J.: 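Let me give you the structure first, and then I'll get to my questions.
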Amino acid sequence: MVNVITSILKTIGKTPLITIPNSNKTDEGQVLFKYERNNPGGSIKDRPAIYIIEEAEQRGLLKPGGTIIESSSGNFGISLAMIGAAKGYHVIILVDPKTTSTNVALLKCFGAEVIVVTEQDDCGSYHKTRISLANKLAREIKNAFRPDQCFNLLNSEAHYKSTAREIIEDCANKITTFIAAVSTGGQLGGISKYLKTFRPEVRIIGVDAVGSAVFGGNAHSYRIPGIGLGWTPDNLTMEYIDCAYKITDEQAFLTARALARNEGILMGPSGGACALVALKVAQNLTPENRVVCMISDGGERYIQTLFNDEWMKQQGFTTTVDIETLRAMARQLQPWSTCPATCANYRPDLNQSLEVPDTTLRMNAEVRNPGFYNQGIPIFID
Ligand SMILES: Cc1ncc(COP(=O)(O)O)c(C=O)c1O
């Protein structure tokens with residue numbers, strides 16, 4: 001029989017879990033990278049993108065020939081651009097000056113229209129200005145749909161239903177710690193909800209950027225793309241998070257560079273930030289403990305930035321660390337908070353001030369309770 005796949009979109013998900021034997025010692029907890037670059041759009045964002053688009057189609061919110069409009073620093077936009085190309089939708093993506101030229105080029109490869117928003121918001125970031133403009137365009141353009149990754153709770157639901165379950169299955173249920181970066185809260189929110197529902201003993205660690213305020217603190221500008229927000233996103237339930245770390249730009253970039261050379265695994269800065277925390281956590285655990293660490297995209301998207309020696313020097317950063325120095329760097333990390341629920345910084349007022357679309361509110365009203373989709377998960381044998 002011929003073995004063919006009928007659409008590129010059917011190859012989303014089922015990404016591998018990978019050990020890092022050159023950086024992770026055998027007498028420590030076992031670090032496992034959930035390597036999301038293997039999605040066809042190159043990042044974890046393919047998962048919420050296809051989920052939200054297909055829900056919108058089923059609910060009649062996105063019609064044939066329609067326009068998809070989104071605010072995205074790159075990855076979610078690229079996923080939507082790929083999906084739009086495969087399904088025949090026009091796609092408009094609002095990015096900002098931190099978005100790499102490679103990401104902009106990728107968006108254009110898939111035929112998306114790209115708008116660069118240069119006005120900063122009151123957090124020194126571009127999130128609010130990008131979102132406001134995307135909402136305005138969605139109101140003005142006929143037959144437009146806003147996936148709205150920041151406020152749409154289907155974002156975390158996508159991870160609850162796919163990523164979380166894959167992790168449990170691939171770990172044969174044996175996972176003691178889970179680590180993910182946060183921006184819209186989709187991945188950390190959805191996976192933590194699943195784990196705290198079915199495996200409450202798993203320790204959940206959130207990773208944010210120094211300069212972001214998801215776990216409170218002062219917001220200021222930083223260089224890591226993909227991580228962080230000026231407030232706590234609705235997709236994230238802080239009570240599910242046991243511990244939070246904040247990572248500097250240089251730490252995230254250096255870790256990604258070191259792991260490319262020592263493990264042959266290319267990742268972006270959010271993966272670097274999570275991997276550094278994973279190395280730290282594993283140092284205090286014994287080998288039967290599995291530490292699953294989300295690596296949300298690949299490194300090719302950052303060839304002109306973090307993998308470029310000149311660019312790193314221009315930022316005032318070191319260019320290389322050997323693995324022992326990296327491990328020592330990890331050992332010195334201290335949690336930002338061991339009770340993130342007390343640092344929550346939710347902003348219900350933004351629904352009104354940023355004029356969150358009606359379609360988002362309608363979709364959110366139908367989100368189910370934890371546990372609805374997985375009435376009892378199977379027992380796995382190692
Ligand atoms: C590479 C990368 N890592 C992590 C994140 C954060 O994921 P989330 O938005 O689901 O919180 C993003 C979000 O854009 C990302 O692009």
Side-chain angles (χ1 to χ4, degrees), residues 15 33-39 41-49 51-52 70-80 93-96 98-100 102-103 106-107 125-127 130-131 147-160 162-164 178-194 204-209 212-215 222-238 240-241 244-245 247 252-253 255-256 266-277 293-302 305-306:
T15 54
F33 283 173
K34 180 77 172 155
Y35 195 44
E36 292 291 305
R37 173 209 182 193
N38 281 22
N39 285 299
S43 84
I44 192 166
K45 291 286 176 171
D46 286 0
R47 296 173 185 267
Y51 187 69
I52 294 174
E70 187 63 6
S71 155
S72 165
S73 64
N75 282 331
F76 191 61
I78 291 167
S79 301
L80 289 172
I93 302 296
L94 290 90
V95 300
D96 64 51
K98 282 200 322 191
T99 310
T100 62
T102 312
N103 278 3
L106 278 167
L107 288 167
S125 168
Y126 301 90
H127 289 113
R130 269 183 357 205
I131 291 168
D148 198 8
Q149 60 165 337
C150 221
F151 291 89
N152 192 335
L153 300 181
L154 293 188
N155 177 358
S156 50
E157 193 175 270
H159 293 290
Y160 182 93
S162 75
T163 331
F178 173 75
I179 300 171
V182 61
S183 174
T184 64
Q187 48 174 315
L188 184 61
I191 299 167
S192 63
K193 186 185 275 189
Y194 186 95
I204 311 282
I205 300 181
V207 178
D208 198 7
S212 156
V214 171
F215 299 108
Y222 54 91
R223 299 213 68 96
I224 307 176
I227 309 192
L229 200 63
W231 65 95
T232 307
D234 291 347
N235 269 293
L236 182 65
T237 303
M238 284 291 235
Y240 295 146
I241 313 305
Y245 282 82
I247 300 298
F253 297 159
T255 308
L266 270 185
M267 67 185 71
S270 86
C274 290
L276 192 63
V277 174
C293 171
M294 296 306 296
I295 302 296
S296 299
D297 65 1
E300 292 92 337
R301 292 183 177 170
Y302 310 95
T305 55
L306 83 97

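Remember, it's 1-based here, ligands and their atoms both numbered in the order they're listed. The first residue in the sequence is number 1, and the count goes up from there. Just the heavy atoms: all of them, side chains too, but no hydrogens, waters or symmetry mates, feed the values below. Worth saying up front: this structure is predicted, and the values here are computed from it rather than measured.
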J.: If every non-hydrogen atom of Thr255 is compared with every non-hydrogen atom of Gly272, which pair is closest and at what distance?
T.: CG2-O, 3.3 Å
J.: Checking Thr184 now: which residues fulfil side chain to side chain contact (heavy atoms under 4.5 Å, CB included) with it, not counting sequence neighbours?
T.: Lys45, Gln149, Cys150, Asn155
J.: Would you check if Val95 and Leu107 make a side-chain contact, meaning some heavy-atom pair closer than 4.5 Å?
T.: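 Yes. Closest side-chain heavy atoms under 4.5 Å.
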J.: Run the ring-ring contact (aromatic ring centres under 6.0 Å, His included) test against Tyr245 and tell me which residues pass, sequence neighbours left out.
T.: none
J.: As a test of reading the model: which residues have a non-hydrogen atom less than 4.0 Å away from ligand 1?
T.: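 Those residues closer than 4.0 Å to ligand 1 by some heavy atom are Lys45, Asn75, Val182, Ser183, Thr184, Gly185, Gly186, Gln187, Gly226, Ser270, Ser296, Asp297.
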J.: Quick one about Gln187 and Ser296 (side-chain donor to acceptor, distance below 3.5 Å, no hydrogens or angles considered), yes or no?
T.: yes
J.: For Ser162, what residues pass the side chain to side chain donor-acceptor pair (under 3.5 Å) criterion, not counting sequence neighbours?
T.: Arg47
